[in-house]
Amino acid sequence: MTEARESAGPNGEERAGHRPGTPCGVSLMVHGLTATEEFYGALFGWEFEPSPHQLGPHVRALLDGYEVAGIGQLPPDRQLPIAWTPYLASDDVDLTAETVRLCGGTVGVGPLDAADAGRLAIGSDPSGAVFGIWQGAAHGGTALTDVPGTPTWNELVTYETAGVAKFYEMVFGYEERKVVSADFDYVTLYIDGRPVAGLHGVGNALPRDRGPHWMTYFEVADADEAATRLVELGGHVLKPPKDSAHGRVATVADPEGALFSLIQSPR
């Protein structure tokens with residue numbers, strides 16, 4: 001989380017719905033599906049049910065009966081980075097995927113149908129950061145937000161924002177608002193005047209072993225307690241809980257190494 005995020009997501013204001021470009025869900029592909037369910041179930045109180053999916057075994061993570069995330073199992077021979085991936089809404093996945101290619105990105109999976117739930121593709125921006133594209137049918141995306149255990153903000157951590165911001169603007173039609181600062185590179189992406197995601201350029205501070213990546217923030221009731229519980233469950237704290245203008249934030253990783261952030265928003 002950054003000082004540039006303004007009043008987005010976690011503070012509970014009205015969202016932009018699932019207009020094209022709006023983050024509408026998050027997904028995680030792992031090697032140990034059962035162990036991952038146990039970890040996030042204990043950390044966030046999630047329950048799970050099987051989900052029809054074209055990419056192998058997959059479950060829907062539920063909180064109070066509402067879907068908040070998806071988790072799938074990687075084939076044994078696939079050694080892909082384990083990472084939370086945001087899905088951005090689209091009215092036409094095929095057209096959006098083609099636009100991604102035309103604007104310098106790549107499409108690694110799809111477009112393909114996810115049974116009768118919708119249509120998806122997984123791509124990457126010109127810097128290599130992976131994101132999903134989702135065209136909802138029976139399933140429109142995450143149905144519950146801004147309460148503990150739900151994803152509440154997505155932020156791209158990259159080398160610099162200028163070039164990649166143009167990519168996302170061209171593909172999804174975002175409005176941009178930049179932070180005017182000599183030493184802080186941050187762009188907030190807006191739809192219809194509402195903030196929906198952020199781009200944070202960190203230069204050489206970007207981990208060499210990870211590269212540009214999207215970071216998902218999950219709301220928690222108490223960041224310190226959640227970080228302690230996470231370690232007890234086999235996760236790792238990379239940046240301990242720290243106060244910010246938007247709440248108390250920690251950067252953590254699950255037992256398979258997927259990065260995410262915990263945020264305790266002001267109440």
Side-chain angles (χ1 to χ4, degrees), residues 1 9-10 12 15 18 22-53 55-74 81-87 89 114-115 117-118 120 122 131-132 134 136 138-155 214-238 241 247-265 267:
M1 188 57 54
R15 288 177 173 264
H18 289 156
T22 305
C24 61
V26 293
S27 182
L28 177 66
M29 298 296 291
V30 299
H31 295 292
L33 184 56
T34 299
T36 300
E37 289 181 43
E38 292 174 353
F39 172 82
Y40 285 102
L43 182 63
F44 291 139
W46 292 350
E47 297 178 336
F48 301 90
E49 67 178 25
S51 172
H53 209 279
L55 303 180
H58 195 273
V59 295
R60 300 164 67 215
L62 308 176
L63 185 65
D64 296 330
Y66 293 95
E67 181 167 355
V68 294
I71 302 176
Q73 183 166 312
L74 288 166
I82 307 299
W84 279 102
T85 301
Y87 276 76
L120 67 85
I122 299 174
F131 62 93
W134 179 258
H139 167 52
T142 302
L144 184 67
T145 60
D146 297 328
V147 299
T150 64
T152 195
W153 183 248
N154 291 282
E155 187 171 279
W214 280 92
M215 174 75 76
T216 297
Y217 287 74
F218 290 93
E219 187 71 43
V220 293
D222 187 308
D224 295 84
E225 288 185 4
T228 298
R229 179 63 172 149
L230 174 136
V231 172
E232 293 172 349
L233 294 168
H236 307 278
V237 174
L238 283 72
R248 194 158 175 80
V249 182
T251 302
V252 299
D254 69 17
E256 286 203 24
L259 292 182
F260 59 100
S261 289
L262 306 171
I263 179 166
Q264 175 188 342
S265 298
R267 298 300 181 190

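Computed from a predicted structure; not experimentally measured. Counting from 1, the numbers follow the sequence of the chain as shown.
The side chain to side chain contact (heavy atoms under 4.5 Å, CB included) test applied to Ala223 returns Val220, Pro241, Arg248, Gln264, not counting sequence neighbours. For Ala61, the side chain to side chain contact (heavy atoms under 4.5 Å, CB included) criterion is met by Trp46, Phe48, Val68, Ala69, not counting sequence neighbours.
The CH2 atom of Trp84 sits 7.0 Å away from atom OG of Ser27, with the distance rounded to the nearest 0.5 Å. The OG1 atom of Thr22 lies 11.0 Å from the CG atom of Asn154; values are rounded to the nearest 0.5 Å.
Annotation: side chain of Glu219 is in contact with side chain of Ser265 (closest heavy-atom distance under 4.5 Å). Side-chain contact between Ser51 and Val59: absent, with no pair of heavy atoms (C-beta onward) separated by less than 4.5 Å. In this structure, the side chains of Glu49 and Leu62 come closer than 4.5 Å at one or more pairs of heavy atoms. Between Thr216 and Trp153 the shortest side-chain heavy-atom distance does not fall below 4.5 Å. Using a 4.5 Å cut-off on side-chain heavy atoms (C-beta onward), Ile82 and Leu74 make contact. Counting heavy atoms from C-beta on, the side chains of Thr85 and Leu28 never come closer than 4.5 Å.
Gly136 and Trp134 make their closest contact through CA-NE1, 3.2 Å (heavy atoms, listed as atom of the first residue, atom of the second, distance). Here the closest heavy-atom approach between residue Leu262 and residue Ala227 is recorded as CD1-N, 3.9 Å. Closest approach of Gln73 and Met29 over heavy atoms only: O-CE, 3.8 Å. The shortest heavy-atom contact between Ala42 and Arg229 is CB-NH2, 3.8 Å. Nearest heavy atom pair, residue Pro57 against residue Leu33, reads CB-CD2, 4.2 Å. Here the closest heavy-atom approach between residue Ser261 and residue Val249 is recorded as CB-CG1, 4.5 Å.
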How far apart are the C-alpha atoms of Ile71 and His58, what are their side-chain angles, what is the distance that settles it, and do they pass the side chain to side chain contact (heavy atoms under 4.5 Å, CB included) test? CA-CA 6 Å; Ile71 302 176; His58 195 273; 5.9 Å; no

Under the criterion side chain to side chain contact (heavy atoms under 4.5 Å, CB included), I'd like the reasoning laid out for Val252 against His236: C-alpha separation, chi angles, the key distance, then a yes or no. CA-CA 6 Å; Val252 299; His236 307 278; over 6 Å; no

Kindly determine whether Thr36 and Tyr40 satisfy side chain to side chain contact (heavy atoms under 4.5 Å, CB included), including the steps that lead there. CA-CA 6 Å; Thr36 300; Tyr40 285 102; 3.6 Å; yes

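Relative orientation of the Phe260 and Phe39 rings is perpendicular, given thresholds of 30° and 60° on the angle between their planes.
Aromatic ring centres of Phe218 and Phe44 lie closer together than 6.0 Å.
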